[in-house]
Number of protein chains: 2
Amino acid sequence: MRQADTKTHILDTAEALLQNRGFNAFSYNHIAQPLGVKNAAIHYHFPTKTDLGVALIERCRARFQQYTELLEAGEASPVLKFEAYLTLPWRYLRDGGKVCPLGVLEVEFNTLPEEMRLEIVALDQQMRAWLAIALEEGREQELLHFEGSAEEQAIVIAAALQGALQIARVAGQSAFDTCVRHLKQKLGLVN
Amino acid sequence: MRQADTKTHILDTAEALLQNRGFNAFSYNHIAQPLGVKNAAIHYHFPTKTDLGVALIERCRARFQQYTELLEAGEASPVLKFEAYLTLPWRYLRDGGKVCPLGVLEVEFNTLPEEMRLEIVALDQQMRAWLAIALEEGREQELLHFEGSAEEQAIVIAAALQGALQIARVAGQSAFDTCVRHLKQKLGLVN
DNA sequence: GAAAAAACCTACCTACAGGTAAGTAATCAG
DNA sequence: CTGATTACTTACCTGTAGGTAGGTTTTTTC
């Protein structure tokens with residue numbers, strides 16, 4: 001291996017491009033150039049763009065899995081779990097006005113190959129399912145307060161954050177902060 | 001004129017393509033074919049894709065303007081105005097799982113030409129500003145209940161709806177309905 | 001230290017996107 | 001009824017996207 005792990009570098013740049021421009025708006029050359037490599041090198045690691053897309057989403061899934069396992073292992077409180085969930089979009093925004101990968105992929109959903117669609121659905125379910133459990137835990141411990149099912153609440157939160165990140169692009173950071181503040185307030189987290 | 005108004009037909013199909021696939025994921029041929037016309041015909045009406053994009057957003061703005069003027073003229077109650085606002089995304093969803101045009105354009109924002117960006121920002125402000133006024137009116141008349149500024153509330157609502165439409169693509173209609181129900185409840189609309 | 005495998009590069013190829021130039025058919029205005 | 005205008009078509013052109021075949025250089029393995 002000339003470079004330690006080109007594959008990881010490819011995924012990193014591809015992921016950034018995904019969140020900054022969308023899946024359809026970047027090419028293999030967009031990835032190759034910053035890495036100082038030719039586009040055939042990308043095809044070596046990911047024969048087709050579909051392969052790349054699937055790998056990208058799978059990595060998101062694995063990372064989220066790790067992240068949550070860490071939180072469970074540390075016996076994080078439901079409130080901390082919720083805050084940890086908020087950290088994800090917050091980092092995206094700070095990191096140059098990126099947007100939630102899931103949001104991008106949902107917008108482009110109809111243009112994407114079946115293999116990617118399945119992964120997208122899986123990622124969406126995985127994230128919302130975990131959040132829902134955390135919320136339910138929080139309610140049982142009377143740390144969080146909301147009506148309706150935790151699954152519903154998870155949807156509302158996910159939708160609000162996803163939309164907020166996007167709106168922040170044209171309305172500024174503060175739009176996102178506003179949404180977060182309102183979500184917290186709604187859950188009874190005074191903060 | 002061979003056809004009554006090809007220009008309108010072009011905008012109609014382009015708008016549908018925008019909401020189904022995104023701005024970068026459709027070409028002039030995608031518009032031309034269903035209209036039974038050659039792509040040069042599209043270039044006749046809209047020399048560049050940027051022109052088309054700008055026209056598309058301007059039409060959204062004009063239509064929204066008309067829509068709101070109609071509501072004002074009918075002296076619609078703040079509640080009705082809010083419901084009318086909800087009608088927009090609800091129609092998108094029903095109309096084949098479309099997504100909010102603003103959301104699409106925000107996701108693709110970094111790939112779009114300056115001319116389009118300005119229009120996008122303007123559309124976003126126009127819609128949220130009107131919503132904010134309606135919300136404030138509703139609060140003054142004690143028909144709607146919320147804390148914080150009406151502008152903030154408008155952001156939260158816009159973000160939630162935008163995200164909900166997108167999530168509905170992978171999680172089904174019900175995800176959107178859930179978000180709407182929660183928004184209404186939060187505003188004190190029992191329904 | 002040689003063979004095999006890994007990680008590339010060079011040089012293509014096809015398809016299509018966006019766009020243009022020049023011509024043609026229908027319509028309208030005087 | 002004739003010129004100008006409108007609304008196109010045909011036929012291109014350039015650039016780039018995604019992808020492939022075959023060669024070359026490293027690195028690993030034995």
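Every heavy atom of this structure was used, including side-chain atoms; hydrogens, water molecules and symmetry mates were not.
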Gap between atoms NZ and P, on K7(B) and dT6(D) respectively (whole Å) | 11 Å

Atom-to-atom span, NE2 of H45(B) to C1' of dG19(C) - whole angstrom | 16 Å

By nearest-heavy-atom nucleotide on DNA chain C, the more 5' of A41(A) and Y44(A) is Y44(A)

Residues R139(A), E136(A); criterion salt bridge (charged side-chain N to carboxylate O under 4.0 Å, His left out); working and verdict = CA-CA 5 Å; R139(A) 177 156 62 175; E136(A) 188 56 46; 3.2 Å; yes

State plainly whether the residues R181(A) and D177(A) are in salt-bridge range, i.e. N to O under 4.0 Å.
-> no

Look at all strands and tell whether A40(A) reaches a base, only sugar-phosphate, or nothing, counting heavy atoms closer than 4.0 Å.
-> base

For V107(A), does its backbone N or O pair with a side-chain atom of R169(B) as donor and acceptor, under 3.5 Å?
-> yes

Hey, what's the ring geometry for F64(B) with Y67(B), parallel, tilted or perpendicular (30° and 60° as the breaks)?
-> tilted

Criterion side chain to side chain contact (heavy atoms under 4.5 Å, CB included) on L52(A) and I31(A), from CA distance to verdict | CA-CA 11 Å; L52(A) 175 62; I31(A) 307 171; 3.6 Å; yes

So, is T6(A) close to the dA7(C) phosphate, meaning a side-chain N or O under 4.0 Å from OP1 or OP2?
-> no

Nucleotide by nucleotide, nucleotides 12-19 of chain D touches protein heavy atoms under 4.0 Å in the pattern (B base, S sugar-phosphate only, - none) -----SSB

From the list L35(A), V37(A), L56(A), side-chain contact (heavy atoms from CB on, under 4.5 Å) with I10(A) holds only for L35(A)

Gap between atoms NE2 and P, on H9(B) and dC8(D) respectively (whole Å) = 11 Å

Let me know the distance between NZ of K38(B) and P of dT10(D), rounded to the nearest Å.
-> 6 Å

Atom CD1 of I31(B) to atom P of dG19(C): distance rounded to whole Å?
-> 11 Å

